[in-house]
Amino acid sequence: MDNPLCRALSVAFPLIQAPMAGVSTPELAAAVSNAGALGSISLGASDPTQARALLSRLRELTAAPVNINLFCHAPPSRDDERERAWLARFAPLFRRYGAAPPLSLTEIYPTFNSDSPLLPLILDAAPAAVSFHFGLPDKAVIDRLKGQSIVTLASATSVEEARQVAAAGIDFVVAQGIEAGGHRGMFDPEQPDAQMSTLTLVQAIIRQCDCPVIAAGGMMDGSGIAAMMTLGAAGVQLGTAFLLCPESAANSAYRAALKSDAAAHTELTAAISGRPARALSNAFCHFARTIPQEAIPAYPLAYSLGKALAAAAAAQGEAGFGAQWAGQGAMLAREMPAAQLVRTLIKEYHDARRA
């Protein structure tokens with residue numbers, strides 16, 4: 001297929017499998033890339049040792065183009081009083097599951113910038129693409145990536161963020177609509193969220209920004225992809241559609257929830273991690289609904305407690321405190337190998353275009 005994304009990345013079809021930290025695996029990314037789309041892994045939650053192992057495994061599985069995703073969030077501002085209150089708020093839940101809460105909240109995911117120890121690993125791996133979430137890295141990072149002919153992408157949840165992406169010289173803006181699962185890619189979560197749908201956001205960015213757009217959020221089949229491409233998107237990014245693939249790292253409880261009536265209900269919450277994210281409406285979401293936004297510690301401090309609580313509850317048979325990220329189309333997810341899903345999506349796309 002001849003379009004800007006296919007030409008830039010040397011892929012057969014302009015589909016990106018979303019990075020999905022914690023769920024995407026080298027096996028998933030390789031299967032997608034080998035099928036003619038762009039597979040992705042996230043290093044945002046990885047230390048250098050973990051990152052090196054992921055990159056090595058990925059290259060064992062494919063020589064096709066791949067994408068590496070990184071987190072560019074602002075370092076958290078510490079607030080001792082708020083953090084102590086957060087630990088106290090969740091102490092009864094830890095007791096319910098026979099565990100002690102953490103003694104303190106920790107910055108489990110450092111932000112990616114020019115000082116990151118991951119940068120040399122990425123430059124050495126020389127992936128076809130590198131994408132950014134939660135903001136943008138230093139200009140020096142972008143220059144070094146582009147100096148190696150690596151295609152760059154960055155998430156935007158608003159036209160203003162898309163303008164910043166374009167001004168930074170990023171090659172493609174990933175327009176993340178409100179339907180998308182997982183973390184909102186907002187540059188500043190303290191600012192109001194326009195919560196634009198993918199359809200509206202794609203059209204607005206195309207009209208107001210000089211940067212090719214990748215649509216992300218709400219698409220689960222080829223007809224949805226065709227609709228976004230008809231609007232002028234250069235490509236699409238799908239994440240939730242791949243959660244039930246056997247190559248994903250979604251655990252059995254997560255998969256069971258996606259195959260149940262629970263998949264019809266998702267909601268945005270910042271309580272799990274400290275940043276707004278769309279998840280299945282599980283026990284954590286229910287507990288957090290009455291918590292005021294100003295009480296939630298910054299990302300990723302809150303996430304350090306969220307992960308500890310999820311582990312304590314799961315050890316007692318309660319899976320509902322896990323971060324079960326999913327988009328609004330979760331009930332449409334299909335259980336099949338990733339390569340088969342890519343082939344199915346491509347066929348559905350062409351069928352929709354011919355209809």
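Along the sequence shown, residues carry numbers from 1.
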Q: Are Phe132 and Phe71 close enough that their ring centers fall under 6.0 Å?
A: no
Q: Considering residues, nucleotides and ligands other than Arg207, do more than 12 of their heavy atoms fall under 6.0 Å from its CZ?
A: no
Q: Please check if any side-chain donor atom of Ser248 sits under 3.5 Å from a side-chain acceptor atom of Arg255, or the reverse.
A: yes
Q: Quick check: does any side chain N or O of Ser260 sit under 3.5 Å from a backbone N or O of Ala257, one acting as donor and the other as acceptor?
A: yes
Q: Charged N to carboxylate O below 4.0 Å: is that the case for Arg57 and Glu27?
A: yes
Q: Got a donor-acceptor contact below 3.5 angstrom from the Ser46 side chain to the Ala51 backbone?
A: no
Q: Is any side-chain heavy atom of Val213 closer than 4.5 Å to one of Phe172?
A: no
Q: Side-chain heavy atoms under 4.5 angstrom apart, residues restricted to Ile, Leu, Val, Met, Phe, Trp, Tyr: same cluster for Leu258 and Phe284?
A: yes
Q: So, Arg84 and Glu81, do they make that salt bridge, N to O below 4.0 Å?
A: no
Q: Does a side-chain heavy-atom distance below 4.5 Å link Arg184 with Asp193?
A: yes
Q: With distance as the sole criterion, is a donor-acceptor pair present between the side chains of Ser273 and His183 under 3.5 Å?
A: yes
Q: Does the gap between the ring centers of Phe287 and Phe321 come in under 6.0 Å?
A: no
Q: Verify side chain to side chain contact (heavy atoms under 4.5 Å, CB included) between Asn3 and Met229, making sure each step is shown before the conclusion.
A: CA-CA 10 Å; Asn3 90 336; Met229 300 290 285; 3.6 Å; yes
Q: So Leu123 and Leu145, do their side chains get closer than 4.5 Å, heavy atoms only?
A: yes
Q: Counting only heavy atoms not in Arg82 (residues, nucleotides, ligands), do more than 12 fall under 6.0 Å from its CZ?
A: yes
Q: Can a side-chain donor-acceptor contact be found between Thr25 and Glu247 if the only test is distance below 3.5 angstrom?
A: no
Q: Checking Lys259 against Tyr254 for the side chain to side chain contact (heavy atoms under 4.5 Å, CB included) test, could you report, in this order, the C-alpha distance in whole Å, the side-chain angles of both residues, the deciding distance, and whether it holds?
A: CA-CA 9 Å; Lys259 291 187 282 187; Tyr254 197 171; over 6 Å; no
Q: Distance only, no hydrogens: is a donor on one side chain within 3.5 Å (strictly under) of an acceptor on the other, for Thr62 and Asn34?
A: yes
Q: Can you find a side-chain donor-acceptor pair between Ser24 and Gln17 that sits under 3.5 Å?
A: yes
Q: May I ask you to check whether His73 and Phe112 place their ring centres under 6.0 Å from each other?
A: no
Q: So, Lys146 and Asp171, do they make that salt bridge, N to O below 4.0 Å?
A: yes
